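See below for the structure under consideration.
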Amino acid sequence: MNFNIAPFSLPGCQPGEIRFEQPRDITRVVVWFKKRLPDKIRLFYLQNRWPAKRFELSRDLDDPCGFGWSATDDWFNARWRKAAINIKKQHHTLEITFKGLRREFPECKDYDVTFRRTLGLKVAVPGAEQSSEFTELQIKSIEVFTRSEKTETNLLVELDAGKKTPTRAVALTCPAEGGAGYNAIIRRMTNHKSRPRVFAVTVEHMQPVHQYSYDEGLITFYLDRDSFTISLDALEKQGPIWFAEQGVYITKASDRTTFADYLLRIKNLKTIGEQV
């Protein structure tokens, strides 16, 4: 089972509709109904430039400066397009997957993918689009899944690293801002047995299938008077994270790099500000 990204969609969408901040490679949609399943269902997705314009055709994806601006769909230029879909019925759910893209774009002979890169999805029932009963009463929830596989990361967070961290505690939820994660779910927080200012965090998130999938997991830490956000993808690729101004050091639990080791590693390196 992959990671459900529906909880991280934009607020205020119409019933039966889900929109995202950036284009996502959607592979599967599961619609849960309160009552009986409809005889027929349609799935629409926002589309304009893709698949004619796609970043995979750029020369060097690791160096965006090398290929410059790339045309992409946005919230204003895309239109709803009916998707070619497969449907699997089970109890109170409909599982929807996509047929090959050639069913919609015959010219995509070498790009017959079974996902749709889109900013949004809309579920509709033929003849019931204007029915408030369908949109407001029948649909219980919608789950959305991408090409990126679900994974789990264990973090080790150390306070007072380099300086006294000016906080009594660290929280991963904030009443004013909601949850701590984007494309991520905090599963557990555990205090270190012998080190009172060190704790572990278990996070469920995704391993992005490519650099521009926008499936990157982000975690926000709340201190008494400050907050900061880290990228789990950056942690995986670049190693430990040190917030020097607040004295917070974060590693993967499997990373044996101590804070002292880290200081030796960066001793002769310059920050971005110093380089500029």
Side-chain angles (χ1 to χ4, degrees), residues 1-10 12-33 36-57 71-131 134-136 138-150 183 206 208-210 212-215:
M1 182 67 70
N2 282 20
F3 189 90
N4 175 25
I5 66 170
F8 309 100
S9 59
L10 292 171
C13 295
Q14 295 295 319
E17 182 178 310
I18 290 183
R19 298 188 183 221
F20 298 98
E21 290 188 77
Q22 305 95 358
R24 313 293 283 269
D25 289 358
I26 307 301
T27 58
R28 185 165 59 96
V29 179
V30 178
V31 186
W32 292 75
F33 290 87
R36 66 175 181 84
L37 298 177
D39 296 328
K40 295 182 180 180
I41 196 170
R42 290 175 180 169
L43 183 68
F44 297 85
Y45 65 99
L46 289 169
Q47 182 274 331
N48 185 13
R49 295 182 181 275
W50 184 86
K53 300 289 186 180
R54 55 187 189 271
F55 59 80
E56 292 95 330
L57 302 178
T72 185
D73 290 349
D74 58 45
W75 299 335
F76 307 101
N77 65 28
R79 299 291 183 269
W80 290 114
R81 185 182 187 92
K82 181 182 175 183
I85 58 176
N86 304 302
I87 299 176
K88 181 180 179 181
K89 297 183 178 182
Q90 184 176 7
H91 303 299
H92 292 285
T93 67
L94 289 181
E95 182 181 45
I96 303 172
T97 54
F98 297 98
K99 296 181 179 180
L101 191 60
R102 289 185 63 185
R103 296 292 294 268
E104 300 170 28
F105 298 91
E107 66 274 17
C108 291
K109 296 179 180 179
D110 299 322
Y111 192 64
D112 195 26
V113 296
T114 55
F115 65 86
R116 299 298 184 266
R117 183 168 297 158
T118 181
L119 284 158
L121 302 165
K122 180 169 66 173
V123 176
V125 170
E129 286 84 351
Q130 305 303 319
S131 170
F134 171 75
T135 57
E136 296 179 7
Q138 283 190 294
I139 291 184
K140 182 179 180 180
S141 64
I142 300 177
E143 297 177 345
V144 182
F145 303 90
T146 71
R147 298 166 61 198
S148 298
E149 296 289 336
K150 182 171 68 173
N183 292 333
M206 290 173 283
V209 69
H210 57 75
Y212 302 98
S213 66
Y214 301 105
D215 287 339

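What you see below is based on every heavy atom in this structure, not just the backbone, and it leaves out hydrogens, waters and symmetry mates. Note that the structure is a prediction, hence the values are computed from the model and not measured.
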Can you tell me how far the CZ atom of R103 sits from the OG1 atom of T114, to the nearest 0.5 Å?
13.0 Å

Value rounded to 0.5 Å, distance of OG1 in T72 from OH in Y212:
12.0 Å

Given side-chain contact (heavy atoms from CB on, under 4.5 Å), test L46 with W80 step by step and report yes or no.
CA-CA 5 Å; L46 289 169; W80 290 114; 3.7 Å; yes

Are side-chain heavy atoms of F115 and V209 found at a separation under 4.5 Å?
no

I85 and I41 have their tightest heavy-atom pair at CD1-O, 4.1 Å

Heavy atoms only: give me the nearest P208-S148 pair and the separation to one decimal.
CA-OG, 3.4 Å

side-chain contact (heavy atoms from CB on, under 4.5 Å), that's the test. Do V30 and I142 meet it? Break it down for me.
CA-CA 6 Å; V30 178; I142 300 177; over 6 Å; no

Quick one: list whatever passes side chain to side chain donor-acceptor pair (under 3.5 Å) with R116, sequence neighbours left out.
E104

Roughly how far apart are K150 NZ and M206 CE, rounded to 0.5 Å?
11.0 Å

Student check: side-chain heavy atoms of D73 and T118 closer than 4.5 Å
no

Closest approach of N4 and F8, non-hydrogen atoms and distance?
O-CE1, 4.0 Å

Not counting sequence neighbours, which residues clear side-chain contact (heavy atoms from CB on, under 4.5 Å) with K82? List them please.
R42, F44

d(W50 CH2, F105 CZ) to nearest 0.5 Å is 7.0 Å

Residues which pass side chain to side chain donor-acceptor pair (under 3.5 Å) with N2, listed by chain and number, not counting sequence neighbours
none

Contacts under 3.5 angstrom, residues 87-102 side chains, donor-acceptor by atom type, not counting sequence neighbours:
| from | atom 1 | to | atom 2 | distance (Å) |
| --- | --- | --- | --- | --- |
| H92 | ND1 | K35 | O | 3.3 |
| T93 | OG1 | Q90 | O | 2.9 |
| E95 | OE2 | R28 | NH1 | 3.0 |

Donor-acceptor pairs under 3.5 Å, side chain of residues 13-27 to any protein atom, not counting sequence neighbours: which ones?
| from | atom 1 | to | atom 2 | distance (Å) |
| --- | --- | --- | --- | --- |
| E17 | OE2 | R19 | NE | 2.7 |
| E17 | OE2 | R19 | NH2 | 3.3 |
| R24 | NE | Y214 | O | 3.3 |
| R24 | NE | D215 | OD1 | 3.1 |
| R24 | NH2 | N183 | OD1 | 3.0 |
| R24 | NH2 | Y214 | O | 3.2 |
| R24 | NH2 | D215 | OD1 | 2.9 |
| D25 | OD1 | R117 | NE | 2.7 |
| D25 | OD2 | R117 | NH2 | 3.1 |
| D25 | OD2 | R147 | NH1 | 2.8 |
| D25 | OD2 | H210 | NE2 | 3.0 |
| T27 | OG1 | F145 | O | 3.3 |
| T27 | OG1 | T146 | O | 3.4 |

